[in-house]
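Right, one structure below, let's go through it.
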Amino acid sequence: MSENILTIKVGTGIQSSLALAQQMMERLELGEEPTPYFGVGFKDMSQMLSVFTPKRWDLLAALREQGAMSIAELARTLQRDYKNVHNDVERLMEWLAIERDAQGKVFTPYSEIVVDVHLPQQRAA
């Protein structure tokens with residue numbers, strides 16, 4: 001497994017992403033190779049939790065523990081319905097947490113997933 005890290009940011013806004021992009025561009029201009037960054041962002045916790053549900057975290061854990069497998073194998077491993085697991089895999093692929101290999105098996109390409117949550121300045125109404 002690679003040493004790539006997926007960073008899930010919650011509540012940080014676009015400014016932090018733009019600052020990171022600027023830092024990477026500056027490194028490239030200096031001839032340096034920036035460290036690869038893989039990240040997704042969410043406006044708030046409810047948005048993040050609608051994508052990364054508890055069952056989807058279990059799915060990611062199974063892939064990390066057992067490696068690449070077909071969706072059918074994953075459904076059997078999780079003792080869940082194939083259609084539901086397939087839908088979860090598709091959703092997690094949209095958010096970069098899962099990929100397919102050349103044989104069509106699914107896997108998580110990250111050695112680690114870090115969730116970075118910033119609390120809002122004020123309570124939501």
(Q) Using side chain to side chain contact (heavy atoms under 4.5 Å, CB included), reason through Val117 and Met45 one step at a time and then give a plain yes or no. (A) CA-CA 8 Å; Val117 179; Met45 281 299 293; 3.8 Å; yes

Any side-chain heavy atom of [X] sitting closer than 4.5 Å to one from [Y]?
X: Lys9; Y: Phe42; answer: no
X: Glu112; Y: Asn4; answer: no
X: Arg100; Y: Ile71; answer: yes
X: Val51; Y: Arg91; answer: yes
X: Val114; Y: Leu6; answer: no
X: Leu59; Y: Ile98; answer: yes

Quick check for you: to the nearest 0.5 Å, what is the distance between [X] atom [atom1] and [Y] atom [atom2]?
X: Phe107; Y: Met69; atom1: CZ; atom2: CE; result: 13.0 Å
X: Asn84; Y: Leu78; atom1: CG; atom2: CG; result: 11.0 Å
X: Ile8; Y: Phe52; atom1: CD1; atom2: CZ; result: 3.5 Å
X: His86; Y: Ser70; atom1: NE2; atom2: OG; result: 11.0 Å

Q: Take Ile113 and Arg64 through the test side chain to side chain contact (heavy atoms under 4.5 Å, CB included) and record every step on the way to the result.
A: CA-CA 11 Å; Ile113 297 177; Arg64 287 213 16 148; 5.9 Å; no

Q | Closest non-hydrogen atom pair, Trp95 against Gly41 | A | CZ3-O, 3.9 Å

**Q.** Ile5 versus Ser111, closest heavy-atom pair with distance
**A.** CG1-OG, 4.3 Å

Q) Is the backbone N or O of Leu96 less than 3.5 Å from a side-chain atom of Tyr110, with the two atoms forming a donor-acceptor pair by type? A) yes

Q | Test item: Thr108 side-chain N/O and Ala97 main-chain N/O as donor-acceptor pair under 3.5 Å | A | yes

**Q.** Presence of salt bridge, Glu90 and Lys83, under 4.0 angstrom
**A.** no

Q. Under the side chain to side chain donor-acceptor pair (under 3.5 Å) rule, what pairs show up with a residue in residues 52-62, not counting sequence neighbours?
A. Arg56-Asp88

Q.
What verdict does the side chain to side chain contact (heavy atoms under 4.5 Å, CB included) test give for Glu73 and Val85, after you've listed the backbone C-alpha separation in whole Å, the side-chain angles of each residue and the deciding distance to 0.1 Å?
A. CA-CA 10 Å; Glu73 290 172 305; Val85 172; over 6 Å; no

Q.
When you compare the side chains of His118 and Asp116, does any donor N or O come within less than 3.5 Å of an acceptor on the partner?
A. yes

